[in-house]
There are 2 protein chains.
Amino acid sequence: MIQSVDRAVRILTALQGARRMGLGELATQLELAPSTVHGIVRTLLDHGMIAQERDSGRYRLGPATLRLGNVYLDTLELRSRSVPWAEDLAARTGVAVRTAVLLAGVDRDLPERDVIVVAHEPRPGGGRQMNEVGIVVPAHACALGKALLAFDDTALPETDTLRSMTGETITDPARLRDELAAVRAAGIATEAEEAVLGEYGVAAPVGDHSGAVVGAIGLVVTQADWPLDPAAADALRATARSISRELGAASWPPAVTERPAASA
Amino acid sequence: MIQSVDRAVRILTALQGARRMGLGELATQLELAPSTVHGIVRTLLDHGMIAQERDSGRYRLGPATLRLGNVYLDTLELRSRSVPWAEDLAARTGVAVRTAVLLAGVDRDLPERDVIVVAHEPRPGGGRQMNEVGIVVPAHACALGKALLAFDDTALPETDTLRSMTGETITDPARLRDELAAVRAAGIATEAEEAVLGEYGVAAPVGDHSGAVVGAIGLVVTQADWPLDPAAADALRATARSISRELGAASWPPAVTERPAASA
DNA sequence: ATGCGCGTTCGGCATAGTCGAAATGTGTTC
DNA sequence: GAACACATTTCGACTATGCCGAACGCGCAT
């Protein structure tokens with residue numbers, strides 16, 4: 001692991017937590033000398049990965065990050081394959097559809113993982129709605145995350161208390177494991193106000209040609225539409241299976257990605 | 001400039017050009033030993049900035065880039081201030097509205113600069129339209145870019161032939177300089193099929209409290225709607241002035257950011 | 001069965017990055 | 001208006017760190 005590159009990414013991550021930071025703040029948070037941080041920051045600055053406010057001298061993320069993120073979306077086959085199916089699913093069920101992938105482990109020693117939304121089809125006829133692509137939710141607190149965790153054993157959090165988002169969030173790892181087992185059996189995960197109050201949802205895993213899970217697709221509704229029509233869950237399952245097939249998956253639900261047996 | 005950080009960003013930039021690359025390809029393109037590239041790639045991999053295809057071993061951009069880009073948008077005051085004005089402008093003129101900023105210099109020795117769209121208000125009643133946030137256009141080939149270049153002397157390309165996008169693209173720096181002078185005088189830049197065939201537009205600069213230009217806002221139309229109603233240009237100018245005022249600008253158009261006199 | 005191409009690992013050398021301290025600049029207070 | 005205090009930036013020396021070349025393992029195609 002290259003030290004300075006690691007530090008550079010940590011700086012970007014710090015800036016994504018706090019909107020603006022001074023050089024000293026960054027140095028304190030990373031426990032480094034200000035001059036060390038300055039060298040890295042300067043390099044990122046030259047590439048537009050971060051920007052410096054002309055007056056205060058503080059640093060923010062830069063426009064180059066937007067370009068990277070946008071290209072990522074363009075190159076994501078899961079996304080391009082999902083979009084037509086999501087449109088169809090939204091039209092038939094009348095609710096919003098999200099597609100998400102698992103985000104890599106957070107830099108700090110947080111053992112929890114997040115999911116990030118890579119495609120969003122708004123609720124039909126719902127007027128002007130926020131585009132939710134790019135939003136991040138703790139994996140254990142949402143249906144999309146549960147669908148991903150259930151079929152990826154390497155992504156399971158290793159902690160004894162999960163971060164609570166609302167009063168309904170599952171914070172007990174044992175209870176989470178039980179629920180993930182149920183998800184594996186049903187092929188569908190659910191969420192009831194566990195991430196955001198008033199938000200409910202179901203989600204199903206999507207696999208690819210390697211047989212592993214690569215993403216999840218799900219429906220998001222408010223309390224008024226909960227519980228969902230069972231037909232919606234069936235349509236979701238069928239959609240997840242179709243997308244998986246387009247990505248080359250031989251079967252559905254995907255096989256569980258096993259932890260690589262650290263008994264070496 | 002920290003060498004390894006610089007190389008890391010170059011790797012990300014290379015991956016944003018070619019969707020997928022093998023380690024060897026990356027090493028060749030950066031003119032480095034494969035093992036050197038591997039160390040950096042491995043570090044970026046751990047942070048989710050890039051992802052590795054499980055079968056081919058090749059590398060792609062990773063989901064962490066999406067999160068960075070999304071946070072960048074959230075922290076961009078230009079964007080949040082623009083959105084309400086852009087909605088209003090689109091409603092009154094009936095055309096799509098884009099807001100953009102200047103992208104930092106490209107890594108390779110290309111002296112040209114690009115603009116990147118940070119907000120996009122679709123044409124009212126135009127049905128389902130692609131979200132254009134994140135798209136990149138050469139600055140010299142679009143109205144948004146000309147509005148930015150006209151008021152930022154430090155961003156002028158230093159070359160004798162500009163990259164051609166269509167037959168209409170301005171490739172002669174002298175002609176570009178003339179046009180930028182006209183933009184400074186009028187406060188409005190125009191574009192006629194210079195970036196994309198069939199695409200026309202006008203744009204105006206937006207400044208902030210430092211007095212410098214920080215972005216541009218513009219209207220995009222097809223040939224059928226060109227030339228625009230002069231009232232639309234007036235509305236655009238008024239909008240750019242309003243956003244600038246909200247950002248703390250004392251006057252409009254913004255002052256020209258001078259090149260820092262490299263006669264040291 | 002065997003060669004090739006690829007990603008990956010390992011170790012020594014030397015470069016390149018890190019850190020302390022000093023300098024510059026800017027905003028603020030008295 | 002001047003001096004303080006804070007924060008960013010520059011500079012130089014040390015040495016820890018990342019760079020590279022070579023060897024390994026793997027999968028694929030021949």
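So that the names make sense, note that chain A is the first sequence line, chain B the second, and so on, each numbered from 1. In this text, all values refer to a predicted model and were calculated from it rather than measured experimentally.
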**Q.** Candidates C:dG17, D:dT10, D:dT8 - which lies nearest the side chain of A:Q52
**A.** D:dT8

Q | Check: C:dG17 base within 3.5 Å donor-acceptor of B:S4 side chain | A | no

Q | Side-chain donor/acceptor contact of A:S35 with base of C:dG20 under 3.5 Å | A | yes

So, [X] and [Y]: side-chain donor and acceptor under 3.5 Å apart, yes or no?
X	Y	answer
A:T154	A:T257	no
B:T28	B:E25	no
A:H209	B:D55	yes

Q) When you check the phosphate oxygens OP1 and OP2 of D:dA7, does a side-chain N or O of A:Y59 lie under 4.0 Å from one of them? A) no

Which donor-acceptor pairs under 3.5 Å do the side chains of residues 30-44 of chain B make with protein atoms, sequence neighbours left out?
residue: B:T43; atom: OG1; partner: A:I2; partner atom: N; Å: 2.9
residue: B:T43; atom: OG1; partner: B:G39; partner atom: O; Å: 3.0

Q) Hey, is B:R19 close enough to A:D74 for a salt bridge, meaning N to O under 4.0 Å? A) no

[X] [atom1] - [N] [atom2] separation (whole Å):
X	N	atom1	atom2	value
B:I2	D:dG18	CD1	P	12 Å
B:H209	C:dG27	NE2	C1'	15 Å
A:R42	D:dC11	CZ	C1'	13 Å
A:H38	C:dA16	NE2	P	20 Å
A:Q3	C:dA16	CD	C1'	12 Å
B:R7	D:dC19	CZ	C1'	7 Å
B:E25	C:dG7	CD	C1'	13 Å
B:R58	C:dG7	CZ	P	9 Å

Q: For B:G22, report the nucleic acid contact type (base, sugar-phosphate, nothing); a contact means any heavy atom under 4.0 Å.
A: sugar-phosphate

Q.
Taking the P atom in each of D:dG12 and D:dA16, what is the distance between them to the nearest angstrom?
A. 22 Å

